[in-house]
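Please read the structure below before turning to the comments.
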Amino acid sequence: MKRTSLFHPFKTGRLFMAAGVLALLFCSACKKLLTVPPPVNQVTAEQVFSTDLQANSAMAGIYVSMLGPGGATDNFANGLTTRMAALSSDELITIYLGLNIPFALFNTNKITGEGSVESNMIWSSLYATIYGANAVIDGVATSTSSRLTEPARKQFAAEAKCIRAFCYFYLVNFFGDAPLVLVADPLTVAAMPRTPVRQVYEQIIRDLEDAQADLPPDYSVSGGKRIRVNKWAATALLARAYLFLGDYGNAAAEATKVIDNTALYELEDDPNRSFLTDSREAIWQLAQNVNDGLAGNATMEGYNLLPFGVAGVATYLSDQLLTAFEPGDQRREKWVDTIRFGFTGPPALYHYPAKYKTGPVNRVIGGVATEYYMLLRLAEQYLIRAEARAHGAPGGPAGAIADLNIIRDRADIPDLPETLADTALLDAVAKEWQTEMFCEWGHRWFNLKRTGKAREVLSAIAMKQPWEGDYQLLYPLPRQNTHEAGRLVQNPGY
């Protein structure tokens, strides 16, 4: 159908141009927080948001921009979040350990105030996406064009709010207090101070509630592909936000809404189907540009975590993670693979994450994508509800155990006993988070921090000793931002 092609974010060059258009709309506002390349096309906001089609191109440009230009690993959404958080936690180990390079500094939790290209790009690419979302929200609100219909205005504003909330969740979990930028006006944004985490979460909740009310309940906007946010993506994010705030009743309630939508969502019986383009477990995915000259039809998640042929892998899984799997766990069997190679000595056996199957060896430039970037999936909602119930949400311990056993049944490991309670139950929840969501979007690192377990777990790891201090649990703000914008105070310890 003609409509489907218009909404596919990688179908035409005009949608890549939309990312440049958005850059124009917020480039001045970005000046104090990040550097944005100058725009190529001088297009006004009124022109961008004059029709449904043009506004849709601007909205689709945000999805394109989330993955970054040229496929390079320099954006939070194309694998950078996963890798850096996994190195900071107890999931991944770099083969460059012992060398004075950024990956090793993150891996040993010895980051300096100078920061790194990687942490700086997480910050700047998150804000670039936020500014794009703000440009859409402002643009549809201020456009006086009669050809921009009311349904389109609601749709695009809701999409932008959902994506903005998603970005702010990662900003506060990586950096703590962060400037709460809600407009694309450079005079308002210039030199904004950092906003307390709690206030940022309050905005996240407001954005997601608005998005939940106005987004469609299906994937018709993206032609059936789950590559644009809908009502259930907003609901899933809302469940996560409530969990991180300790609002267990609301966390369980929102997760239940997604879980109960069995017409759209169910756990795949085979773990190897979870990350496919047609996965029924997927709530929100991003589609890569298969014509990218580096990764082709692979995701950068797969490109960077899977082996580079005989050259081996750049990172491998830790013993802390590998020993967490129970015997016969299908997640261990199907989401972990091995390679033997020698980096600095005789060949050794390394285990690496294999949730994505397409990587540098088998990727095809211009080929058909069989898997997309997975941003939200159903298994997380079961874990959210299980943890909330373990903390007293409706359903209680029995409900929590039932949720965990659904996850465990898919993994083909024995059910937990019905008598599990209190600390033992919370430990079981944490273990399932660890083995189900490993090397995905920072779940392990963020969970260790929010549950107060980070120092206990991480400081005991040999390569992270001596422990530099809990300040390492937040990344430093980009140094140039704290210098140029005097009200942006650096995180303590840096």
Side-chain angles (χ1 to χ4, degrees), residues 205 208 212 231-271 274 279-283 321 323-333 335 376-438 440-441 443-444 446-453 456-457:
I205 299 294
L208 292 175
Q212 191 181 48
K231 174 187 180 73
W232 307 109
T235 304
L237 283 170
L238 199 52
R240 183 196 292 179
Y242 281 130
L243 181 72
F244 273 64
L245 288 172
D247 186 344
Y248 300 117
N250 276 322
E254 297 302 323
T256 296
K257 293 176 185 177
V258 181
I259 292 168
D260 285 352
N261 188 0
T262 55
L264 274 180
Y265 307 113
E266 63 181 349
L267 292 183
E268 295 283 357
D269 291 336
D270 181 357
S274 297
S279 170
R280 282 183 53 80
E281 189 170 337
I283 299 171
L321 173 59
T323 56
F325 292 102
E326 297 172 36
D329 192 323
Q330 289 301 294
R331 296 168 296 193
R332 171 69 172 77
E333 297 296 322
W335 288 348
L376 296 171
R377 61 187 181 97
L378 184 61
E380 182 193 356
Q381 298 302 300
Y382 280 107
L383 293 169
I384 288 172
R385 190 170 71 175
E387 183 171 340
R389 286 173 163 177
H391 280 287
I401 294 167
D403 284 337
L404 294 180
N405 283 339
I406 289 172
I407 298 292
R408 292 171 63 86
D409 286 347
R410 196 264 290 274
D412 200 21
I413 51 179
D415 284 354
L416 296 170
E418 295 179 358
T419 56
L420 209 61
D422 303 325
T423 301
L425 177 55
L426 290 174
D427 288 345
V429 170
K431 182 263 181 188
E432 292 306 319
W433 272 111
Q434 182 181 20
T435 51
E436 178 69 29
M437 305 302 293
F438 73 93
E440 279 187 63
W441 280 94
H443 284 290
R444 172 64 173 171
F446 296 165
N447 286 343
L448 285 173
K449 293 194 290 183
R450 72 175 173 82
T451 58
K453 297 287 187 180
E456 173 189 338
V457 172

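Counting only residues at least two apart or on different chains, the salt bridge (Lys or Arg N to Asp or Glu O under 4.0 Å) pairs with a member in residues 394-406 are R385-D403, R389-D403.
F325 has its side chain out of reach of W335: every pair of non-hydrogen atoms, C-beta onward, lies at least 4.5 Å apart. The shortest side-chain heavy-atom distance between D260 and Y265 does not fall under the 4.5 Å cut-off. With contacts defined as side-chain heavy-atom distances shorter than 4.5 Å, the pair L383/H443 does not qualify.
By the side chain to side chain contact (heavy atoms under 4.5 Å, CB included) test, D269 is found to be paired with no residue, residues two or more places apart in sequence or in another chain being considered. Contacts of D247 classified as side-chain hydrogen bond (donor to acceptor under 3.5 Å, both in side chains), with partners at least two apart in sequence or in another chain: N250. Evaluation of the side-chain hydrogen bond (donor to acceptor under 3.5 Å, both in side chains) rule for R450 yields E387, N447 as partners, not counting sequence neighbours. Taking A430 as the reference, nothing meets the side chain to side chain contact (heavy atoms under 4.5 Å, CB included) condition, with sequence neighbours excluded. Listed by chain and residue number, E254 satisfy the side-chain hydrogen bond (donor to acceptor under 3.5 Å, both in side chains) test with K257 (two or more places apart in sequence, or in another chain). Among residues two or more places apart in sequence or in another chain, the side chain to side chain contact (heavy atoms under 4.5 Å, CB included) test is passed with A253 by none. Considering only residues two or more places apart in sequence or on other chains, Q330 meets the side-chain hydrogen bond (donor to acceptor under 3.5 Å, both in side chains) condition with none of them. For Y248, the ring-ring contact (aromatic ring centres under 6.0 Å, His included) partners at least two apart in sequence or on another chain are H391.
The minimum heavy-atom distance linking A393 with A252 is given by the pair CB-CB, 3.8 Å. Closest approach of L321 and Q434 over heavy atoms only: CD1-O, 3.8 Å. The nearest pair of heavy atoms linking L404 to A386 is CD2-CB, 3.8 Å. Of all non-hydrogen atoms in I406 and Y382, the two that sit nearest each other are CD1-CE2, 3.5 Å. Closest non-hydrogen pair, I384 versus A255, comes out as CG2-CB, 4.2 Å.
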Can you give the donor-acceptor pairs under 3.5 Å from side chains of residues 417-428 to other protein atoms, not counting sequence neighbours?
none

Validation: residues 407-415 side-chain donor-acceptor distances under 3.5 Å, sequence neighbours left out:
unit_1, atom_1, unit_2, atom_2, d
R408, NE, P414, O, 2.8
R408, NH1, E326, OE2, 2.7
R408, NH1, E432, OE2, 2.8
R408, NH2, E326, OE1, 2.9
R408, NH2, E326, OE2, 3.1
R408, NH2, P414, O, 2.8
R410, NH1, E268, O, 2.8
R410, NH1, S274, OG, 3.3
R410, NH1, E281, OE1, 2.9
R410, NH2, E281, OE1, 3.4
R410, NH2, E281, OE2, 3.2
R410, NH2, E436, OE2, 3.0

Counting only pairs under 3.5 Å, give me each side-chain donor-acceptor contact of residues 232-242, with atom names and distances, residues two or more places apart or in other chains.
unit_1, atom_1, unit_2, atom_2, d
W232, NE1, P217, O, 3.0
T235, OG1, Q212, NE2, 2.9
T235, OG1, K231, O, 2.8
R240, NE, E380, OE2, 2.8
R240, NH1, Y170, OH, 3.1
R240, NH2, E380, OE1, 3.1
R240, NH2, E380, OE2, 3.4
Y242, OH, E209, OE2, 3.3

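Interatomic distance, CG of L378 versus CZ of R280, reported as 9.5 Å (0.5 Å rounding).
Using a distance-only test at 3.5 Å, with no hydrogens or angles considered, no donor-acceptor pair links the side chain of R331 to the main chain of M437.
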